[in-house]
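Take a look at the structure below.
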Amino acid sequence: MGRRGGGAGKGFHEAPLVLFSALAVAGAGIGGSRVLLAATGQGAWASSPWEAGVVAGLLALGVLVSTLHLGRPSRAGLALRMVGRSALTAEVLALGASLAVGALAALLPPGSAVGGLARVLLPWLSVLVLLTLGTVYRLPGQVGWGGSAFLRPLALGMVFGMVVQGAAGSWEVGGSALAVLLLVWVVDALLMVLGGRKLERTLGSAEASHPAVFRRRRLLLAVRFSLVNLVAPLAFLLAWTLLLVVVLVAGGVLLDRFLFYALAARLTTEGEVRRVEAALHRRSIAPQSSTD
Amino acid sequence: MKTGTPAWGPGRHGAAGFALDLGRCVGCGACVLACRMENRLPGRVSWRRIVPLNLARYLGGPTYFFSLACHHCQDPPCVRGCPSGALRKRPDGVVTLEADLCMGCRYCEMACPFKAPAYDSDAGVMTKCHLCHHRLDSGLLPACVEACPVGALGFEDDTAAGGDVAAGVDVAAGGAPDAETRVGRVLRAEEVPGFVDPGEAKPGLVLVPPVGGIRGAKYVSLESLLAAAADAASEGEGSGHG
């Protein structure tokens with residue numbers, strides 16, 4: 001594959017990143033939730049082969065989709081050149097390692113030593129993926145991506161993973177695992193609220209990347225919050241079909257990732273100039289005559 | 001502020017960046033055009049832009065124009081984040097982008113707080129101002145600086161911002177002020193209302209305020225600007241200004 005002609009100059013060029021990160025959060029969430037389950041005594045510390053297969057499959061699909069964002073997909077291998085220096089390289093490495101380990105864990109027979117090691121490593125690598133998905137966007141001037149925002153993929157991934165594991169019968173609803181799931185739900189809700197408040201506080205000098213979506217941010221964030229943090233937990237606690245809960249949270253993951261990119265707002269000179277001019281205007285200063 | 005021919009060349013080490021005299025820039029855009037022509041930029045790509053402040057001329061507030069390009073920061077977030085190493089900071093301070101190493105991930109575009117990297121959708125790679133280092137290496141000024149008809153845009157290197165300096169002086173070469181030199185306090189960019197610096201990148205841009213500041217108020221904060229503007233409005237009302 002060579003150059004992608006036309007590319008994504010204007011418009012929502014982040015669409016492939018939305019899909020990629022949703023798939024990565026989902027896959028790594030399933031893998032990483034194994035850590036929570038094991039910590040609460042609801043299963044082994046090692047992923048099962050089917051679990052590893054699902055994780056590897058989702059991550060592989062995500063990595064494939066992410067190349068659609070590149071202007072030069074054939075150069076994707078260059079992403080590994082800055083090990084130890086670039087946060088994006090670290091993310092790519094974590095994804096690659098999880099994918100490879102997940103594939104080994106899924107394909108090697110149960111008695112294999114390498115397979116066994118892979119199945120133990122996979123949950124921790126999945127947690128690393130969820131963390132790097134957040135830390136890669138700790139960028140100066142990006143209003144909505146700083147602070148505690150780097151924990152959002154981790155929290156949301158764990159919610160999704162635990163719900164999927166529950167639907168798959170990996171844990172019994174009740175007891176400590178339920179408490180952990182509810183706790184993660186609360187953490188996710190808290191991160192959403194904190195992020196929303198920070199966004200509103202720093203709007204003055206910010207310039208939105210996608211103004212049309214940004215104008216509807218409160219409604220969209222409310223929908224996301226309701227889907228993941230109100231409807232899904234209620235459905236879960238009221239013992240609705242777990243598959244429905246999975247669908248609700250999956251929809252929430254996709255919406256969350258869309259909003260992460262669509263509501264990106266950056267402190268810029270253009271934004272600050274608008275703030276200064278608005279302040280001048282508010283001070284009831286009339287425009288000068290054109291003959292001045 | 002036309003600086004003289006900079007002392008440039010291989011092996012030079014230091015910081016580099018543009019200098020802008022806010023009292024001279026009239027927002028004509030000659031710098032933008034010169035950059036496009038010199039670097040043969042495709043239609044949708046621009047490395048320099050003009051941002052006017054207070055074009056509506058609210059009474060008492062200043063009106064000036066920011067001519068902005070890459071600031072060749074001392075700690076550039078774009079370089080730190082680039083996964084392929086296409087972006088690098090040369091020893092002479094210039095931040096360059098090697099297109100052959102760029103995969104067009106646009107991460108630098110997200111990382112840069114100053115909107116410097118520009119995506120060329122036809123080529124599928126990022127592009128950015130490189131301070132016309134090809135001209136610098138030949139003893140010439142950057143195209144935008146050369147093109148400025150009012151001497152507002154300059155090129156400074158190793159300037160100790162915050163000290164008193166005569167605009168129009170080639171600091172690096174230690175030249176003498178010319179007859180039209182306007183003495184102004186050179187400011188760090190973050191001291192000027194309207195300019196935003198998130199504070200981590202240490203941009204190389206220096207800004208020279210208009211002579212006299214804003215009715216004598218120093219460009220130290222938005223609050224001082226607004227206070228000066230309010231004073232001006234009060235004076236206007238008191239004198240029956242309509």
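Residue numbers begin at 1 in each chain, while the letters A, B, ... track the order of the sequences.
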From CA spacing to verdict: salt bridge (Lys or Arg N to Asp or Glu O under 4.0 Å), A/Arg218, A/Glu200:
CA-CA 10 Å; A/Arg218 288 178 187 154; A/Glu200 294 298 322; 2.7 Å; yes
Of the non-hydrogen atoms in B/Cys31 and B/Leu153, which two are nearest, and what is the gap between them?
CB-CD2, 3.8 Å
Classify the angle between the aromatic ring planes of A/Trp145 and A/Tyr261 as parallel (below 30°), tilted (30 to 60°) or perpendicular (above 60°).
perpendicular
What is the ring orientation for B/His71 with B/Phe114, classed by angle as parallel under 30°, tilted 30 to 60°, or perpendicular over 60°?
perpendicular
Per-residue contact mode, [X] against chain B (heavy atom under 4.5 angstrom):
X        : result
A/Leu139 : side chain
A/Gln142 : side chain
A/Glu91  : neither
A/Val92  : neither
A/Ala76  : backbone
A/Leu17  : side chain

Is it the side chain or the backbone of B/Leu55 that comes within 4.5 Å of chain A heavy atoms, both, or neither?
backbone
Segment of B/Cys82 engaging chain A (4.5 angstrom heavy-atom cut-off):
backbone
Heavy-atom pairs under 4.5 Å with chain A - which of B/Leu101, B/Val125, B/Asp120 has more of them than the others?
B/Leu101
Answer with yes or no whether the side chains of A/Arg266 and A/Ser209 bring together a donor and an acceptor at under 3.5 Å.
no
Residue among A/Val136, A/Thr89, A/Leu80 with most heavy-atom pairs under 4.5 Å to chain B
A/Val136
Let's test your reading of the structure: which of A/Glu207, A/Arg138, A/Glu14 forms the most heavy-atom pairs below 4.5 Å with chain B?
A/Glu207
Are A/Arg274 and A/Glu277 within salt-bridge range, i.e. N to O under 4.0 Å?
no
May I ask you to decide if B/Cys102's main-chain N or O and A/Arg72's side chain share a donor-acceptor pair within less than 3.5 Å?
no
Cation-pi geometry met for A/Arg152 and A/Tyr137 (6.0 Å, 45°)
no
